[in-house]
Q: 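Sharing a structure below in structure tokens format, with a few things to ask.
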Amino acid sequence: HASMHISALPQEVMVRLFRYLGPEDLCRCSQVCRSWAEVVKTGSLWRHLYPVRWARGDYYRGPPGEPDQDPDEDWVQNLQEEGRAYQEWDEDADVDESEEACEDSLAVSAVRKEKKLLNGMIQNLLPAVGSSVRTLSLAYSSAVSSKMVRQILSLCPNLIHLDLTQTDVTDSAFESWAELGVCRSLEHLDLSGCEKITDYTLKNLTVGLGDLTAPRFSKNSPDCKNKLLKTSSSAIQLLDRHSGYSLGRARTALVFKWRPGGRSMSCSPVWVLDPTELADIEDTADWTRKEGVAGLGEGRGGILGVQAGGRSCCCRSGTRRSFRTDIGSTYFQQLYGTLGEKQCGHSACCGSDTVLRTVKETQCEPQATEGSTELWTKCPSEGEIRTEQSGACRALRFLSLSGCYQITDLGLRCLSQGGGLPLLEHLNLSGCLFITEVGLHELVSVCPSLNDEHFYYCDNINGPHADRASGCQNLQCGFRVCCRSGE
Ligand code: FES
């Protein structure tokens with residue numbers, strides 16, 4: 001037998017061999033030569049990413065464990081201590097990150113290594129393999145920033161499992177979901193302990209997941225379209241021209257103009273009323289009721305204008321319900337002030353029957369859109385999932401917002417739009433102090449697969465399935481928000 005050099009092996013064989021290697025070895029191999037570097041950038045080698053573990057020498061790269069598996073307590077504690085040490089070091093460091101200034105403790109160097117690894121992935125690896133990535137776990141990362149998460153999410157549009165537990169991310173991390181129409185395949189989202197997350201993120205999430213509810217009118221038929229178009233300048237505008245993915249072909253025919261905006265929410269596909277072009281506000285309100293699409297669109301004074309003309313919000317009229325903690329006193333003013341919204345976030349206060357509708361209230365008959373090859377099945381409430389060619393399936397099965405105390409009923413309502421979450425089995429809303437039973441009922445009514453054993457919310461709320469749901473998970477946690485912590 002003539003001996004054969006390894007470089008003569010076909011690429012498929014090399015990929016098979018490389019499958020036995022961990023991420024660290026793969027990185028070394030990529031430095032051997034150009035052709036090996038190419039092989040290392042094969043997507044199937046990078047399906048599951050755990051940079052936090054990798055930075056600490058644990059090179060596991062298999063699929064994620066069971067969702068209910070509790071993380072190792074010592075591991076979590078170590079990471080939290082490292083995070084604290086890194087923060088202190090970072091505050092003291094005089095912008096001098098040179099090697100000389102790097103005589104830091106082991107804890108700090110672990111976080112620095114993690115940061116380096118994340119930057120390396122964003123710059124060198126993910127642009128090549130991002131579309132193959134299915135799992136990304138950044139749980140307890142002290143190095144990750146919102147900007148990094150935003151970059152990663154943009155590069156990894158086919159994520160199935162995303163874990164950002166106890167990170168410092170803000171709403172800006174998720175802007176790409178609405179702007180790029182990604183996260184269609186997302187099944188597992190863990191934002192436990194991400195205290196800076198607000199309803200904005202849930203809006204972006206619901207847009208990114210896609211819309212299962214059909215545009216119910218074709219070019220030639222329903223009256224509602226005629227009503228909308230009865231003047232040349234309609235009062236309704238779709239803010240995102242790129243949003244055909246969530247609104248379907250027929251509805252994109254009603255795109256009037258693109259209105260660029262500063263913040264993320266103004267880039268979401270939302271329907272708003274233009275106060276300067278109000279042709280027939282009653283018809284518009286009627287249309288939104290029929291179509292059930294307003295949920296994504298309680299944008300700036302737009303559809304809310306309908307409500308403002310009707311009844312006023314209890315919070316604004318001095319009957320604001322009191323919160324159990326002090327956190328809430330200025331929160332809504334800030335949040336809805338910046339949105340220009342006149343809502344308090346409570347479903348009960350804000351008249352969901354006037355402004356927003358859930359999928360339960362929309363009609364879901366099978367229907368073909370003219371000229372399209374979209375496939376429609378029955379609506380989720382009838383036990384089947386509606387899919388469309390654009391790929392919307394709202395496949396989320398696991399969602400944890402535990403400790404995201406800024407979430408309100410408005411955020412829950414966003415999730416209930418677009419067809420709800422028909423596959424959701426696990427929902428953790430422990431420590432969400434501002435949600436009420438009304439918001440919970442609204443969301444749960446469009447989550448037919450929810451398993452009560454895996455349904456957690458504050459013990460002080462008399463919400464849906466109260467006798468069977470699992471209550472608040474943060475009572476004993478010690479580091480996550482809970483209205484009864486310290487008791
Ligand atoms: Fe109320 Fe934990 S948030 S019991």
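Numbering of ligands and ligand atoms starts at 1, following listing order. Being a predicted model, the structure only gives us computed values, none of them experimental.
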Q: Pair up each side-chain donor or acceptor in residues 130-138 with any protein partner under 3.5 Å, not counting sequence neighbours, and list the distances.
A:
from: Arg134; atom 1: NH1; to: Ser131; atom 2: O; distance (Å): 3.1
from: Arg134; atom 1: NH1; to: Ser132; atom 2: O; distance (Å): 3.2
from: Thr135; atom 1: OG1; to: His48; atom 2: ND1; distance (Å): 2.6

Q: Any atoms of ligand 1 less than 4.0 Å from a non-hydrogen atom of Arg484? List them with their elements.
A: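 So the answer, numbered in order with elements, is 4 (S).
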
Q: Testing the 3.5 Å rule here: is there a donor-acceptor pair between the side chains of Tyr59 and Glu24?
A: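 Note: Tyr59 and Glu24 side chains meet the donor-acceptor criterion.
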
Q: Just wondering, is there an N, O or S atom on Cys482 that's nearer than 2.8 Å to atom 2 (Fe) of ligand 1?
A: yes

Q: Distance check below 2.8 Å: does Cys472 bring an N, O or S atom to atom 1 (Fe) of ligand 1?
A: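 False for Cys472.
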
Q: Would you check if the side chain of Thr206 reaches a backbone N or O of Lys203 as a donor-acceptor pair within less than 3.5 Å?
A: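 Here the side-chain-to-backbone pair does not exist.
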
Q: So is Asn460 close enough to ligand 1, meaning a heavy atom under 4.0 angstrom away?
A: no

Q: If we ignore hydrogens and angles and just use 3.5 Å, is the side chain of Ser146 paired with the main-chain N or O of Thr170 as donor and acceptor?
A: yes

Q: Any chance the side chains of Ser141 and Glu114 put a donor and an acceptor closer than 3.5 Å?
A: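 Result is yes, a qualifying pair exists.
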
Q: Any heavy atom of Gly431 closer to ligand 1 than 4.0 angstrom?
A: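 It does, in that a heavy atom of Gly431 comes within the 4.0 Å cut-off of ligand 1.
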
Q: Examine the side chains of Asn204 and Glu175 and answer whether a donor and an acceptor come within less than 3.5 Å of each other.
A: no

Q: By number and element, which atoms of ligand 1 are closer than 4.0 Å to a non-hydrogen atom of Cys458?
A: 1 (Fe), 3 (S), 4 (S)

Q: With atoms numbered from 1 as shown, which atoms in ligand 1 lie under 4.0 angstrom from a non-hydrogen atom of Cys483?
A: 1 (Fe), 2 (Fe), 3 (S), 4 (S)

